[in-house]
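Take a look at the structure set out below.
Just so it is clear, the model here is predicted, and its values are computed rather than measured. Side chains are part of it too, since the values below use all heavy atoms of this structure and drop only hydrogens, waters and symmetry mates.
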Amino acid sequence: ARELLTESGSIFVQISDENLHHVREVMDEVFGGENCVSLVLFKKTGFFSSDGIAVTHDFLLWYAKNIQTAKLMRVYGDRELTSDELRFHDYVETLSGTRRPLTKEEKESGPAVRDLGKPYARNPLVSDGWQETLGFEFEFEGKGFRPPGNCHWKTHFDGMCRLKDQGRLAIKGNTLRYVRFFDDFPVQPLGSVWNDTGVGGFVGDQRLYVVQTDTRVLQRCMLMTTDPGDLVFDPTCGSGTTAYVAEQWGRRWITCDTSRVPLALARQRLLTATFPWYELKEPARG
């Protein structure tokens, strides 16, 4: 597989914990340890163990052919509005437009707090280091504010005026702060542990094959390492999940297997597949 990869290409090897260490030794030998990008853990849909501890995760060994030239894109997942988040997003803009602090009970309500309105945090508006042009006094609600200590405002005077006009300023103690609503950026970069891939079974997936992988796992792998039009190769076809996801996201694909059974399953799956309709970012360019 290494010889088939382009210089910007990556390879993912899915394996259980039983042989993870052996596969990693082989990958280090073939690709070089310096080209290991990450070890990803993802939750499996079904697991049971009559002996010892249940195995809940599989592993993805992610290597690049050349980590210096590899395509490595950041992928985001949903960010949950938990009680921990509400420790920081501790104010709410109610449905009537008024703003007030959340009560202790409301902070424990998690997503239900949206019934009250939009939760927000009051984030710092200053950065370290003195800059004379950004150290001006700014008036808000009849009081003048300056950056404290050896700090400066994060934006110029016109920017502060725009924040004020858009209702994005608030006072916390003796400091002027920036109003950041939780829903301004309700996502977070994916890390190396994916616990949402086993929740509720194969969401939207029909179980076709004994070792079928959730489409969300393949989707993230492709979005992290390829662009539309790139070629994806899966030498162990299985139920054809890789080809299915590649087709959905505009990647070209090649897949194969040593048995007629997975090939028949994959062919049927691809011939009968339907996909969501997407609006193109730049329709003129396709």
Side-chain angles (χ1 to χ4, degrees), residues 38 40-48 53-58 73-127 138 140-143 145 147-148 151 153-155 159-160 162-205 214-217 219-220 223-224 276 278-279:
S38 183
V40 176
L41 287 76
F42 70 92
K43 195 169 186 179
K44 298 190 291 186
T45 301
F47 49 86
F48 177 78
I53 191 169
V55 178
T56 61
H57 289 72
D58 261 1
M73 273 82 77
R74 181 167 289 183
V75 173
Y76 294 86
D78 291 333
R79 183 178 173 190
E80 295 183 16
L81 184 56
T82 62
S83 56
D84 286 338
E85 289 283 2
L86 292 176
R87 290 171 52 203
F88 302 99
H89 297 81
D90 55 352
Y91 269 63
V92 64
E93 183 179 284
T94 65
L95 300 177
S96 63
T98 60
R99 293 179 175 180
R100 64 170 179 84
L102 292 170
T103 65
K104 182 179 179 181
E105 292 74 19
E106 288 168 346
K107 291 178 184 177
E108 297 296 325
S109 64
V113 79
R114 285 197 169 96
D115 294 336
L116 302 173
K118 300 189 295 183
Y120 67 88
R122 295 166 297 166
N123 288 5
L125 251 177
V126 297
S127 297
F138 190 79
F140 180 69
E141 294 186 354
K143 184 178 179 181
F145 293 90
C151 297
W153 297 120
K154 290 185 175 181
T155 185
M160 295 288 282
R162 284 200 298 271
L163 292 176
K164 181 180 179 179
D165 293 341
Q166 293 170 11
R168 287 295 183 135
L169 296 180
I171 298 173
K172 184 175 183 179
N174 294 318
T175 61
L176 191 59
R177 297 293 184 105
Y178 168 65
V179 172
R180 182 186 293 276
F181 292 99
F182 179 84
D183 289 329
D184 284 346
F185 196 69
V187 295
Q188 58 188 352
L190 287 179
S192 58
V193 180
W194 301 345
N195 281 322
D196 60 341
T197 54
V199 178
F202 290 91
V203 179
D205 292 358
D214 192 319
T215 54
R216 289 170 290 188
V217 175
Q219 174 182 305
R220 291 172 184 177
L223 295 180
M224 289 191 298
Y278 296 101
E279 294 288 345

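- Side-chain N or O atoms of Gln219 include none that pairs as donor or acceptor with a backbone N or O of Arg216 at under 3.5 Å.
- Note on ring orientation: taking the six-membered ring where Trp is involved, the planes of Phe182 and His89 are perpendicular (angle over 60°, cut-offs 30° and 60°).
- In this structure, Pro186 and Asp183 approach most closely via the heavy-atom pair CD-O, 3.4 Å.
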Practice item. Please test Glu141 against Ile171 for side chain to side chain contact (heavy atoms under 4.5 Å, CB included), starting from the C-alpha separation and ending with a verdict. Key: CA-CA 9 Å; Glu141 294 186 354; Ile171 298 173; 3.6 Å; yes

Check your understanding: So Leu163 and Leu169, side chain to side chain contact (heavy atoms under 4.5 Å, CB included) or not? Walk me through it.
Key -> CA-CA 6 Å; Leu163 292 176; Leu169 296 180; 3.9 Å; yes

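- In terms of heavy-atom proximity, Arg177 sits nearest to Arg122 at NH1-O, 3.0 Å.
- Between Lys43 and Thr197, the shortest heavy-atom contact is O-OG1, 2.8 Å.
- Taking 4.5 Å as the limit, some side-chain heavy atom of Lys107 sits within range of a side-chain heavy atom of Asp90.
- Residues Leu86 and Leu102 have side chains in contact (heavy-atom distance under 4.5 Å, counting atoms from C-beta outward).
- More than 12 heavy atoms of other shown residues, nucleotides or ligands fall within 6.0 angstrom of atom CD in Gln188.
- In this structure, the side chains of Phe145 and Trp153 come closer than 4.5 Å at one or more pairs of heavy atoms.
- The salt bridge (Lys or Arg N to Asp or Glu O under 4.0 Å) search around Arg87 returns none, not counting sequence neighbours.
- Between Pro189 and Val75, the closest side-chain pair of non-hydrogen atoms is not below 4.5 Å.
- With hydrogens and angles disregarded, no donor-acceptor distance shorter than 3.5 Å links the side chain of Ser109 to the backbone of Ala112.
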Review point. Would Phe140 and Lys164 count as a side chain to side chain contact (heavy atoms under 4.5 Å, CB included) if you check the C-alpha gap in whole Å, the side-chain angles of each, and the deciding distance to 0.1 Å?
Key: CA-CA 8 Å; Phe140 180 69; Lys164 181 180 179 179; 4.1 Å; yes

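- Looking at heavy atoms from C-beta onward, Arg168 lies in side-chain contact with Tyr178 at the 4.5 angstrom threshold.
- The CZ atom of Phe138 sits 10.0 Å away from the OG1 atom of Thr155 when rounded to the nearest 0.5 Å.
- Between Ala121 and Phe88, the closest heavy-atom pair is CB-O, 3.3 Å.
- The shortest non-hydrogen separation linking Cys151 to Val126 is CB-CB, 4.1 Å.
- Both tests hold for Arg99 against Tyr120: distance to the six-membered ring centre under 6.0 Å, angle to the ring axis within 45°.
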Check your understanding: Given the rule in the side chain to side chain contact (heavy atoms under 4.5 Å, CB included) test, do Lys143 and Asn174 qualify, once you have shown the distances and angles that lead to the verdict?
Key -> CA-CA 10 Å; Lys143 184 178 179 181; Asn174 294 318; 3.8 Å; yes

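- Taking 4.0 Å as the cut-off between side-chain N and carboxylate O, Asp184 and Lys118 do not count as a salt-bridged pair.
- Under the salt bridge (Lys or Arg N to Asp or Glu O under 4.0 Å) criterion, Arg162 pairs with no residue, sequence neighbours left out.
- For Arg79, the salt bridge (Lys or Arg N to Asp or Glu O under 4.0 Å) criterion is met by Glu85, not counting sequence neighbours.
- Salt bridge status for Glu106 with Arg100: present, with a side-chain N to carboxylate O gap under 4.0 Å.
- Taking each heavy atom of Leu125 and Leu176 in turn, the nearest pair found is CB-O, 3.8 Å.
- Cation-pi contact between Arg220 and Trp194: present, with separation from the ring centre below 6.0 Å and deviation from the ring axis of at most 45°.
- The 12-atom threshold is exceeded at CG of Asp84, counting heavy atoms of other residues, nucleotides or ligands nearer than 6.0 Å.
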